[in-house]
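Please read all numbers here as calculations on a predicted model, not as lab measurements. Values below: all heavy atoms of this structure, side chains included; hydrogens, waters and symmetry mates excluded.
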Amino acid sequence: MFIHVKCHHRAVVLAVAAALAATSLSGCTQNAPETSADDPAARADLRAFYHQKPQWKPCGQEECATLKVPMDYTAPNNGKTFTLPLIRAAATDTARRSGSLVVNPGGPGESGVALLQDGGVQSFSKRIRARFDIVGFDPRGVAGSKPAVDCGPEEEAEVDDAVPQPLYPTTAEQRRAALADAESAVAACRRHSGPILPYVGTADAARDMDVLRAALGDSKLSYLGWSYGTLLGTVYGELFPRRVRAMVLDGAIDPSLNWVERARSQAVGFRTAVDDYAEYCADVVGDACPADTPEGIHELLDGLYAQTEQEPLPVDDGESDLDTAALHSAIVTSMYTPEEQWEDLSRALSEAAGGDGTRLDRIAAGEEGAGEGEAQEDEREESHPDNSDVAITAVDCLDIPHPKDPQAYWKALDQAHQAEGDFGAESVIAELGCKGWPHRGPGPHRVSADGLPSVLVVGTTGDPSTPYHEAQSLARQLPKGMLLTFEAMGHTAYGRGSSCVDKAVDSYLIHLKPVKAGATC
């Protein structure tokens, strides 16, 4: 489970909006893709899926439909399918419409339907909204997908909730408890969703996107994926390189990293982001900072970690007090959009220093503030089924092979803690949930996509969840990879208010205009 903290763009949208061979790229003509005997679109047993025509109906400001895809692409006519919800914001300039722009907000486990219905359309510039039908979907097993991954009630996976576990288990007893928790969670998923778990991986989701492309009537795919959506796009590009018209991968994941390398990469990203918070807090939130100096902020954080490990902080009207795990979750979660989240985190830390963990507990629970904000979040959860916490495990564990021997995790745990402290320890412990999980993906590998046209990779230098070095690596691996660097803190770039980034991405998507080597915003 390499992305133990949700790696997605929808949170950025809600916070901010509530946010090459130059000659060959000059035109917008969508040529028909090359076909071959093994082309899925040419297979007789997939013809019915590829020839679907979605029945669009109004749903709020957008239109909604569904798409049926085979559960098992090796046996597509066995009667087992996924039904995927679709959503479309139609192009506003029909005379100049360029086709559809398929988007994925990340996760894995985030809902593309929720992205657009919750204000995500505003993440796109007026130019993009004029020229493209913006299309979101819930990937197989995710959110409104039928069936969807279900691991039962949380209590089913709990071994002993009364005994809080440290971020870095060191004793044999603590490690047995951590392993038991992970195995219990896996067992619960198998009980409730066993038959579909082998079929929710990224490769099959990418095949679904090609069915979607055909159903939308596009001969080639235009795509924008954030965070995990970059991995989904990369896999699509490997499977269908000649079916890509344009592809933007923002907040990139390096597919060549194994499970422990990915965990360590993200640990470094979040640890660095917290260092940035201490360094630049005053610049972003002013007097709201919980201390006057970076050193003072680090001292406060260290003190709260030590305090909560000994005794959790009280929480008003909470089912449980704020322990170290919840404290850590609140801090990590707040690194995605500094311009929107740091002030709330700063006030929460100040209150925690005074002995009140309530605000930090709300942040850890995903409640962005109180009052009206909470009501809106509750309404969203009712409108859009959210199984992101279990879907992230189901997809990641299936994609990447993990060791079955617990000793491999303990060795990696000790090394990660020595190098990255609690951030390293927590990232490796999160991987325990994948021990013994079935594996059907290609595993770590360098990109192989002969025939793939120029792809635009966007990397944010201070990205905590998908660190910048992974964007650099992916751009080098792609046959015609282009890298646009965004010098900023926070997760992903497009739609967060940078006119420089938005203009470069828009020009590429609309006109296939390449970015220059070394392009920086």
| request: Dump the intermediate steps for side chain to side chain contact (heavy atoms under 4.5 Å, CB included) on Val149 and Val142, then the final yes or no. | output: CA-CA 7 Å; Val149 176; Val142 170; over 6 Å; no
| Does a sphere of radius 6.0 Å around OH in Tyr305 hold more than 12 heavy atoms from other residues, nucleotides or ligands, not counting ones at 6.0 Å or beyond? | yes
| Side chains of Thr324 and Pro166 in contact at under 4.5 Å (non-hydrogen atoms) | no
| message | If you compare all heavy atoms of Gly433 against all heavy atoms of Cys397, which two are closest, and at what distance to 0.1 Å? | response | O-SG, 4.0 Å
| query | Which is it for His491 and Ser465 under the side chain to side chain contact (heavy atoms under 4.5 Å, CB included) test, yes or no, and what are the steps along the way? | reply | CA-CA 6 Å; His491 185 41; Ser465 186; 3.8 Å; yes
| query | Does Gly109 offer a backbone N or O that forms a donor-acceptor pair with the side chain of Asn387 under 3.5 Å? | reply | no
| Does the distance from a Lys or Arg side-chain N to an Asp or Glu carboxylate O, for Glu339 and Arg496, drop under 4.0 Å? | yes
| query | Would you say the side-chain atoms of Thr358 pair up with the backbone N or O of Val315, donor to acceptor, closer than 3.5 Å? | reply | no
| request: Would you give the length of the straight line joining atom CZ of Phe270 to atom CE of Met335, rounded to the nearest 0.5 angstrom? | output: 9.0 Å
Run the side-chain donor-acceptor check on residues 196-206: report pairs under 3.5 Å with partners two or more places apart or on a different chain.
unit_1: Thr202; atom_1: OG1; unit_2: Tyr228; atom_2: OH; d: 2.6
unit_1: Thr202; atom_1: OG1; unit_2: Asp399; atom_2: OD2; d: 2.4
unit_1: Asp204; atom_1: OD1; unit_2: Arg207; atom_2: NH1; d: 2.9

| How far does OG1 of Thr460 sit from CE of Met489, to the nearest 0.5 angstrom? | 11.5 Å
| What pair of heavy atoms forms the shortest contact from Cys281 to Pro290, and how long is it? | SG-CD, 4.1 Å
| message | Strictly distance-based, threshold 3.5 Å: is any side-chain N or O of Asp463 a donor or acceptor partner for the main-chain N or O of Thr492? | response | yes
| message | With rounding to the nearest 0.5 angstrom, report the CG to CD distance, Leu304 to Glu309. | response | 12.5 Å
| task | Apply the test side chain to side chain donor-acceptor pair (under 3.5 Å) to residues Ser222 and Arg245: give CA-CA distance (whole Å), side-chain angles for both, the deciding distance (0.1 Å), then the verdict. | result | CA-CA 5 Å; Ser222 296; Arg245 172 190 170 272; 2.9 Å; yes
| Exam field: side chain Thr485 to backbone Thr520, donor-acceptor pair closer than 3.5 Å | no
| Hey, is Arg347 close enough to Glu343 for a salt bridge, meaning N to O under 4.0 Å? | yes
| query | Hey, what do you get for CD1 (Ile134) to CG (Leu224), rounding to the nearest 0.5 Å? | reply | 9.5 Å
| said: Ignoring hydrogens, what is the shortest heavy-atom contact between Leu484 and Cys521? Give both atom names and the distance. | reply: CD1-SG, 3.9 Å
| task | Give a yes or no on whether the backbone of Leu167 and the side-chain of Asp422 come within a donor-acceptor separation of less than 3.5 Å. | result | no
| field | Side chains of Trp410 and Leu432 in contact at under 4.5 Å (non-hydrogen atoms) | value | yes
| message | Angle between ring planes, His328 versus Phe423, binned at 30° and 60°: parallel, tilted or perpendicular? | response | tilted
| message | Would the distance check show the side chain of Tyr223 and the main-chain N or O of Gly229 forming a donor-acceptor pair, the cut-off being under 3.5 Å? | response | yes
| query | Side chains of Arg476 and Ser473: closer than 4.5 Å at any heavy-atom pair? | reply | yes
| said: For Val447, is there any backbone N or O sitting under 3.5 Å from a side-chain donor or acceptor partner on Gln477? | reply: yes
| message | For a 4.5 angstrom cut-off between non-hydrogen side-chain atoms, does Ser123 reach Tyr494? | response | no
| query | Does the side chain of Pro444 reach to within under 4.5 Å of the side chain of Pro401, using non-hydrogen atoms? | reply | yes
| field | Interatomic spacing from CG in Asp138 to CG in Asn104 - rounded to 0.5 Å | value | 9.5 Å
| request: Without swapping roles, check the side chain of Ser184 against the backbone of Asp181 for a donor-acceptor pair under 3.5 Å. | output: no
| Any sub-3.5 Å donor-acceptor pair from Gln122's side-chain atoms to Gly119's backbone N or O? | no
| query | Does the side chain to side chain contact (heavy atoms under 4.5 Å, CB included) test come out yes or no for Phe124 and Asp506, once each step is laid out? | reply | CA-CA 9 Å; Phe124 301 90; Asp506 290 352; over 6 Å; no
| task | To the nearest 0.5 Å, tell me how far Leu101 CG sits from Arg88 CZ. | result | 13.5 Å
| Is there side-chain contact between Ser334 and Ile363, with at least one heavy-atom pair below 4.5 Å? | yes
| said: Which residue in the set Leu116, Ile87, Leu115, Val103 passes side chain to side chain contact (heavy atoms under 4.5 Å, CB included) when paired with Val121? | reply: Leu116
| query | Just wondering, do Leu257 and Arg264 contact through their side chains at under 4.5 Å, heavy atoms? | reply | no
| task | With side chain to side chain contact (heavy atoms under 4.5 Å, CB included) as the test, would you mind laying out the steps for Asp323 and Thr308 before giving the verdict? | result | CA-CA 5 Å; Asp323 60 14; Thr308 53; 5.5 Å; no
| query | Minimum heavy-atom separation for Ala416 to Gly424, with atom names? | reply | CB-O, 3.4 Å
| said: Testing the basics here: between Asp321 and Pro312, what is the closest heavy-atom pair and its distance to 0.1 Å? | reply: CB-CB, 3.5 Å
| task | Identify the two heavy atoms, one from Arg175 and one from Pro169, that lie closest to each other, and give their separation to 0.1 Å. | result | NE-O, 2.9 Å
| Geometric class of the Trp342/Tyr277 ring pair [parallel <30°, tilted 30-60°, perpendicular >60°] | perpendicular
| query | Mind checking whether Leu474 and Pro255 have side chains closer than 4.5 Å, heavy atoms only? | reply | yes
| said: Is it the case that the side chain of His402 and the backbone of Ile400 share a donor-acceptor pair, with hydrogens and angles ignored and the cut-off at 3.5 Å? | reply: yes
